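A short worksheet on the structure shown next.
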Number of protein chains: 2
Amino acid sequence: MQKGTYTYDYPRPMVATDCVIFGFDGTKMQVLLVKRGEEPYKDSWVLPGGFLRMEESAEESARMMLREKTGLRETYIEQFHTFSAPERDVRGRVISIAYYALVRKQEVRQGANVSEVGWFPLDGLPELVFDHKDILDMALAKLRERIMFQPVGFDLLPEKFTMRALQSLYEAILGVEFDRRNFSKKILHVGLLTDLNESARSTPKRMAKLYKFNAESYGRLKEKGFRLEF
Amino acid sequence: MQKGTYTYDYPRPMVATDCVIFGFDGTKMQVLLVKRGEEPYKDSWVLPGGFLRMEESAEESARMMLREKTGLRETYIEQFHTFSAPERDVRGRVISIAYYALVRKQEVRQGANVSEVGWFPLDGLPELVFDHKDILDMALAKLRERIMFQPVGFDLLPEKFTMRALQSLYEAILGVEFDRRNFSKKILHVGLLTDLNESARSTPKRMAKLYKFNAESYGRLKEKGFRLEF
DNA sequence: TCAAAAGTGTTCTCCCTACACCCATGG
DNA sequence: CCATGGGTGTAGGGAGAACACTTTTGA
């Protein structure tokens, strides 16, 4: 593209997409951030994002960006809000369409042309510039809203996992604790999981049963909703 | 503003806001539409909307527009999605930040510079141009999602209303039917309503008790969520 | 006096809740 | 053999679901 060649009758804002990429390490929720390579705010951590190109939709833009940073295709992403305060970006009027993504951390490999990316736990975030802290906070709020009534985990956990891992995920997102026995009973009762009749050692102690999600009932519960009380 | 004076280094899309305004007439959910006054699609019905100005946020833009069409301030509005498919608008690349609003129909008065607006029931919509049918459908889906876990009605019903009116509202949004006795029991049990110890005739038959929302518990249930089973 | 809508209570069942003991494993 | 975490069952209470008769009122 050439510079200085786009002229319009009325002023137009820039439009960008930003993406809050959540991962789970077995204990805590983490977020992927990138270090800015240029001014303004060079070397500060920000959410991965970029300007929208004229021939792509916002979702395509977000997916593209996600692939660059994580090497992943086919990720679960969800648009959750568009940020449009006039002064939110020092570079001028920039509107940002924000997505959150849920990824399996262990499948992430660093993309090609990526300078510096890092995973940060929610309680150990670096300072974020622009309004990215607000964006992240809203992403988390939306994720919490979602997890209360829809199953979550399919996109964050490996294919096979223990009941404890699923419980830890719920606890990490919601910041509450469940009774082990009741959690397991509820999850098994709604038929969300398939027992694989295998075991694995996730802690250095006794082996634990492995489960996988039952795609059919996962989808059904996502439609219909179910509530995990607490 | 002057024409033809805005030049940028890179191409930029236009950004608009569109608003799905829901009202309730006691029986059915209705949507406010406006008739286009200019080409393209002159005289077709569309969702009220307009281009974003450089000095206002999307929410300010949506509220402004809402006031023009309905005369209402302080309306409940909620951003639910941003539509960005490259070909969604024949006029060029237009991105639309969409809101839905819940209003009390009886408080709506026609705004000043409004050509033609109309309320349409969901099952009697005219043909909508652009992708406005998709926008409306998603608004309804989001509203349904919300009503299942949060109280709704404060913004749609008059201050005083009968239990039947609230039930009809729920039934209209969700498209299901509830048992009168169980619905009433559940609603009263969660403490959503205050009994006004007044009666009124909403049908030509026996008078019915009037209630109003209990703001305190309405707010609490909105935070915490509650589920109306069906 | 009849038709239409409002008001109200009980029973049954199921699920959520709280809670404690035994088993497998590695150190 | 001990510490850690995994696996499982039960008893009680509360809430949802199903269900029918009486009252008020206008026509």
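This one's a predicted model, so the numbers in the text were calculated from it and none came from an experiment. Just so it is clear, the values below take in all heavy atoms, side chains as well, and ignore hydrogens, waters and symmetry mates. Order of the sequence lines fixes the chain letters, A, B, ..., with proteins taken first and strands second; residue numbering starts at 1 for each chain.
- Distances were taken from every side-chain heavy atom of H189(B) (C-beta onward) to each of dT25(C), dA15(D), dA6(C); the shortest belongs to dA15(D).
- If you measure from atom CD1 of I187(A) to atom P of dC15(C), you get 15 Å, rounded to the nearest angstrom.
- Comparing N182(B) and K185(A) against DNA chain D, the residue whose closest nucleotide sits nearer the 5' end is K185(A).
- Atoms CD (E198(A)) and C1' (dG7(D)) sit 18 Å apart, rounded to a whole Å.
- In this structure, the CZ atom of R227(B) is 14 Å from the P atom of dC15(C), given to the nearest Å.
- Aromatic ring centres of F154(A) and Y76(A) lie farther apart than the 6.0 Å criterion allows.
- Electrostatic pairing of K28(A) and D123(A) counts as a salt bridge here, judged by a charged N lying under 4.0 Å from a carboxylate O.
- The side chain of R180(B) places no N or O atom within less than 4.0 Å of a non-bridging phosphate oxygen (OP1 or OP2) of dC19(D).
- Within the nucleic acid shown, R164(B) comes within 4.0 Å of sugar-phosphate atoms alone, with no base atom in reach, counting heavy atoms only.
- Using a 4.0 Å heavy-atom cutoff across all strands shown, M163(A) reaches no nucleic acid atom at all.
- No donor-acceptor distance shorter than 3.5 angstrom exists from the side chain of T17(B) to the backbone of I97(B), with no hydrogens or angles considered.
- Rounded to whole Å, atom C1' of dG16(D) lies 14 Å from atom CZ of F226(B).
- Considering only the side chain of K205(A), dA3(D) comes nearest among dG26(D), dG9(D), dA3(D).
- Look at R201(B) and you'll find a side-chain N or O under 4.0 angstrom from OP1 or OP2 of dG26(D).
- Nucleotide dA6(C) holds its C1' atom 14 Å from the CG atom of D179(B), rounded to whole Å.
- Position along DNA chain D of the nearest nucleotide to L188(A) versus V190(B) favours L188(A) as the more 5'-ward residue.
- The nearest whole Å value for the distance from the CG atom in N197(B) to the C1' atom in dG7(C) is 14 Å.
- Applying the 6.0 Å contact sphere to NZ of K186(A) captures more than 12 heavy atoms from other residues, nucleotides or ligands.
- Two rings, from Y41(B) and F130(B), have their centers less than 6.0 Å apart.
- One donor-acceptor pair, N or O on each side, does fall under 3.5 Å between the base of dA20(C) and the side chain of R181(A).
- For R206(B), taking side-chain heavy atoms from C-beta onward, the closest of the listed nucleotides dC15(C), dG26(D), dG7(C) is dG7(C).
- Separating the NZ atom of K186(B) from the P atom of dG16(D) is a distance of 4 Å, rounded to the nearest angstrom.
- Taking atom CG of residue D195(A) and atom C1' of nucleotide dG6(D), one finds them 14 Å apart after rounding to whole Å.
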